[in-house]
Amino acid sequence: MRVGLLGRKVGMTQIYEPDGTAIPITVLECGPCTVLQIRTADRDGYHAVQLGFDDKKRKSATQAERGHAKKVAAEPKRYVREIRQDGPTEVAEGQTLTVEMFSEIKNVDVIGTSKGRGFTGVLKRHGFKGLRATHGVKRMHRHPGSSGPSADPAHTRKGIKKPGQHGNTRVTVRNLKVVRIDPTNNLLLIRGAVPGPNGGYITIRQTNMV
Amino acid sequence: MQNKFMELVEQSSMKAIVPKFEIGDTVDVHVRILEGEKERIQIYNGVVIAKSGTKTREMFVVRRIVQGEGVERKFPLHSPRIADIVVKRSGKVRRAKLYYLRDLSGKAVRLKERFPGGQATAAEAAAAKTARRAARTERKNARAAHAAESKKV
C-alpha cells in the first residue's frame with residue numbers, strides 16, 4: 001500500500017542531533033484515521049483509500065456524512081481525503097490507521113492549504129522589485145511596471161503576473177524527511193516547513209518523488 | 001492541546017539539568033569538539049553578555065578578549081556539544097544585555113563582583129545596620145574629639 005494519513009499541523013521548533021546539529025522540524029499530529037471507503041478500479045475506475053480524521057458532532061454533520069460514516073461504524077469526520085493507490089490494497093473498510101505506518105518511510109509529501117493573504121500586490125505575490133524610491137518616480141513605488149509590448153499585440157499576453165488573491169490554495173511540499181515518530185502521541189516529526197497555519201489540516205503521504 | 005505536543009517534543013531535546021548562570025557571570029564553557037576520530041573538551045572562558053530565546057532555541061553569548069581583540073561566541077544552551085558551564089565569578093550588572101561592554105576597553109571592562117548566596121534575613125540585615133550605625137557614630141565622636149583637641153591647642 002502507498003502509505004498516507006491525515007493530520008494536523010501542531011507547530012515548528014528545533015531539536016538537536018547527538019552530534020549537536022540543530023534540525024528545524026514541524027510537529028504533525030498524524031491520525032489515527034478511519035478507513036471510510038475503498039475505491040476500486042472495477043467500481044470507481046481507480047484505486048484509492050478514503051480516510052477520515054477528527055470526529056465531528058453527529059448533530060453538526062449532514063445526513064449524508066452520518067450515513068457514510070455509519071457504513072463503517074464510525075463517527076462523522078471533519079477532514080476526509082483519499083490516498084491514491086497503485087493497485088488493490090490489503091486495508092479494509094472500518095480499519096484504523098496510525099502513525100506507525102510511517103516507521104519504514106523515509107520521505108513524505110505534505111499537502112495543505114496555505115495561509116490566505118487576501119488580494120495582494122505584485123511585490124508580495126510574485127516577488128517583483130517595484131520601482132525606485134527616488135529619481136522622479138511619482139507614486140508608483142510598488143507598481144509592476146510594464147505588462148508587455150504596446151501596439152503590436154495590442155493586448156496583454158496571457159499569463160502575465162498581476163496582483164490578485166495570494167495564498168489560501170492547495171500546496172504540496174514534496175520530499176520532506178521524516179525525523180522521528182511518536183506512536184503514543186500520534187506525532188510525526190518532519191524536517192522543514194509545511195503549508196498552512198498551526199492547527200490546519202494536512203494530508204501526509206509517502207513521497208512520489210523518484 | 002496543541003501546546004502540549006510541542007512541549008513534549010521540545011522537552012525531548014532539552015537538557016534535564018541546565019547549569020545556573022546569570023548575565024554578567026564569568027563562565028567556563030566546556031565545548032565538545034571532534035578532532036578526527038577523537039573527541040575532546042575545549043574550554044571557552046568569558047563573560048556572559050546576553051541570553052536569548054526560549055526552550056530548545058535558548059542561546060547565550062560569551063565575550064572574551066583575545067590578544068586585545070574582543071571575541072564573542074554564541075552557544076545554543078541545549079546543544080549536546082555543550083558539556084558543561086561553570087561559573088567562575090559573578091558580576092554585578094543592571095542590564096539584561098551587556099552590549100555596552102563592546103565599547104569599553106582595558107580596565108573599564110571589569111565588572112564589580114557579586115556574591116550570590118541568597119538574600120540576608122531580616123534579623124541579619126538589622127544587625128548589620130546597627131553595626132554600621134555604631135561605627136559611624138564612633139567615627140563622628142572620634143572626629144569631634146580630635147577637633148576639640150586641636151582647638152584647645
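Labels below follow one simple rule: chain letters A, B, ... track the order of the sequence lines, proteins then strands, and each chain is numbered from 1.
- Sparse packing is recorded around CZ of A:R58, with 12 or fewer heavy atoms of other residues, nucleotides or ligands lying under 6.0 Å away.
- Here the closest non-hydrogen pair linking B:P80 and A:E17 is CG-O, 3.3 Å.
- In this structure, the portion of A:D19 lying under 4.5 Å from any heavy atom of chain B is its backbone and not its side chain.
- Heavy atoms of other residues, nucleotides or ligands lying less than 6.0 angstrom from NZ of B:K15 number more than 12.
- Looking at A:I15, the atoms closer than 4.5 Å to chain B (heavy atoms on both sides) sit in the backbone and in the side chain alike.
- Atom CZ of B:R95 has 12 or fewer heavy atoms from other residues, nucleotides or ligands within 6.0 Å.
- For the atom pair CG (A:L189) and OG (B:S12), the distance works out to 7.5 Å, reported to the nearest 0.5 Å.
- Contact annotation for B:I82: neither backbone nor side-chain heavy atoms come within less than 4.5 Å of a heavy atom of chain A.
- Within 6.0 Å of atom CD in A:E100, 12 or fewer heavy atoms from other residues, nucleotides or ligands are found, so the atom counts as exposed in its surroundings.
- Listed for the A:Y16 side chain is a donor-acceptor partner under 3.5 Å among the backbone atoms of B:T56.
- Between B:M6 and A:M12, the shortest heavy-atom contact is CE-O, 3.1 Å.
- Counting heavy-atom neighbours within 6.0 Å of A:R139 CZ, excluding the residue itself, gives a total of 12 or less.
- Considering only heavy atoms from C-beta on, A:V10 stays 4.5 Å or farther from B:V9 through its side chain.
- For B:R102, the CZ atom counts as densely surrounded, since its 6.0 Å shell holds more than 12 non-hydrogen atoms of other residues, nucleotides or ligands.
- The CG atom of A:N185 lies 5.0 Å from the CG atom of B:L8; values are rounded to the nearest 0.5 Å.
- Heavy-atom neighbours of B:K97 NZ from other residues, nucleotides or ligands within 6.0 Å: above the threshold of 12.
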